[in-house]
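Presented below is the structure to which this report refers.
Letters A, B, ... are given to chains in the order of the sequence lines, protein chains preceding strands, and every chain is numbered from 1.
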Protein chains: 2
Amino acid sequence: MSTFQRLESPSFQSSCELCREAGGAMIFQSAHWRVIRAEDAAFPAFYRVVWRAHVAEWSDLSLAHQAEVMGVVTAVERVLREALAPTKINLASLGNVTPHLHWHVIARFDWDSHYPAPVWAAAAREVAPPPVERLGLALDALDARVARAVAALAPGA
Amino acid sequence: MSTFQRLESPSFQSSCELCREAGGAMIFQSAHWRVIRAEDAAFPAFYRVVWRAHVAEWSDLSLAHQAEVMGVVTAVERVLREALAPTKINLASLGNVTPHLHWHVIARFDWDSHYPAPVWAAAAREVAPPPVERLGLALDALDARVARAVAALAPGA
């Protein structure tokens, strides 16, 4: 299932971008979470695991829901490692701008524009040809691998 | 237990800073992990949960060890929320510079030097008086609360 649907829930906040919109290219949606690709040209293999209900902080989730989310994060990380052999994986849940729980899962390469700095720091270099051409895999093929991996974790899968 | 001890393990890498050194102010060390405070003047309530064995990526940990680590991360987050009522908690595991698994747990405030940008971005403002004076709690008292919370999670506790 890869169509974004707003969650019908008392937690819905019309002022929250991640309640209202997918927030990126839809990869897969389960009852509790969705996986999107961030569509960042500098970091093409940049996915997000978004908890569908509006929850601000990690510690607001129950232990079972934390385990469910991290299972999805781990599955995305494993696909990126196996498909791309990145220099490093970066994981983060920040939410300062959009305080709706989401995890960034980013494949980093020693040739990328910011390496070894975090993606939020200043760029260290220009990259040509475009990063997407250096992945060694088409993005739709990568998306399909991510979708398969996380679909297997969806309740009822 | 708050003294740093190198882990006697085949995973020890003498070239790795987080194998060789605590990496910050020691808060607590268990058999598998330690908690340190980053000693960052701009972000005084910045802790790290470091896996003691040298492991590069999150998905290299077993499911049981992942749950153990996130239990510690969650406990640190809860103490920061309860003690400081921060604007937001930021969590991240990057490791581009030091690829030895560690989680950043950072209390962010709308008055801090970078808010709402990540701590790795450019500063947005100067903060005076110093951030540590604005926490409303002495750092040693905060450290003690963090230590108590994570000690309860250590095997054998």
Side-chain angles (χ1 to χ4, degrees), chain A residues 43 49 55-82 85-110 112 114-124 149 153, chain B residues 43 49 55-82 85-110 112 114-124 149 153:
Chain A
F43 307 101
V49 180
V55 165
E57 300 284 10
W58 167 253
S59 57
D60 289 330
L61 285 188
S62 68
L63 200 58
H65 286 166
Q66 289 181 348
E68 186 177 340
V69 172
M70 290 315 282
V72 181
V73 167
T74 305
V76 175
E77 169 172 320
R78 287 214 168 101
V79 170
L80 299 184
R81 292 180 69 186
E82 290 164 14
T87 312
K88 190 72 189 66
I89 295 288
N90 288 178
L91 305 177
S93 179
L94 308 177
N96 304 328
V97 175
T98 307
H100 176 133
L101 187 67
H102 58 284
W103 281 94
H104 304 285
V105 185
I106 315 167
R108 301 295 310 277
F109 298 91
D110 54 13
D112 77 35
H114 290 55
Y115 206 85
V119 302
W120 304 281
L153 301 173
Chain B
F43 306 101
V49 180
V55 165
E57 301 284 10
W58 167 252
S59 57
D60 290 330
L61 286 189
S62 68
L63 200 57
H65 286 166
Q66 289 182 348
E68 186 177 340
V69 173
M70 290 316 281
V72 181
V73 167
T74 305
V76 176
E77 169 173 320
R78 287 214 168 101
V79 169
L80 298 185
R81 292 180 69 186
E82 290 164 14
T87 311
K88 190 71 189 68
I89 295 288
N90 288 178
L91 304 177
S93 178
L94 309 177
N96 304 327
V97 175
T98 307
H100 176 134
L101 187 67
H102 57 284
W103 282 94
H104 305 284
V105 185
I106 316 166
R108 302 295 310 278
F109 297 91
D110 55 12
D112 76 36
H114 290 55
Y115 207 85
V119 302
W120 304 281
L153 300 173

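Neither the backbone nor the side chain of B/Ala67 comes within less than 4.5 Å of any heavy atom of chain A. Interface remark: B/Ala75 contributes no atoms to any contact with chain A (heavy atom separation under 4.5 Å). Using a 4.5 Å cut-off between heavy atoms, A/Leu61 contacts chain B through its backbone alone, with no side-chain atom that close. Interface residue A/Gln66: only side-chain heavy atoms are found under 4.5 Å from chain B.
In this structure, A/Glu57 CD and B/Glu77 CD are separated by 5.0 Å, a value rounded to the nearest 0.5 Å. One finds the CE atom of A/Met70 at 4.0 Å from the CE atom of B/Met70 (value rounded to the nearest 0.5 Å).
With chain B as the partner, the residue from A/Gly71, A/Ser59, A/Pro116 showing the most heavy-atom pairs under 4.5 Å is A/Ser59. Options B/Thr87, B/Asn90, B/Leu63 differ in how many heavy-atom pairs under 4.5 Å they form with chain A, and the most are formed by B/Asn90. Listed options A/Ser93, A/Ala122, A/Ala92 were ranked by heavy-atom pairs under 4.5 angstrom with chain B; first place goes to A/Ser93.
Of the residues B/Asn96, B/Val97, B/Leu94, the one that meets the side-chain contact (heavy atoms from CB on, under 4.5 Å) test with A/Lys88 is B/Asn96.
Taking non-hydrogen atoms and a 4.5 Å limit, the residue list of residues 99-110 of chain A in contact with chain B, ordered by number, reads A/Pro99, A/Trp103, A/Arg108.
Considering all non-hydrogen atoms of both residues, B/Trp120 and A/Pro118 come closest at CG-CG, 3.4 Å.
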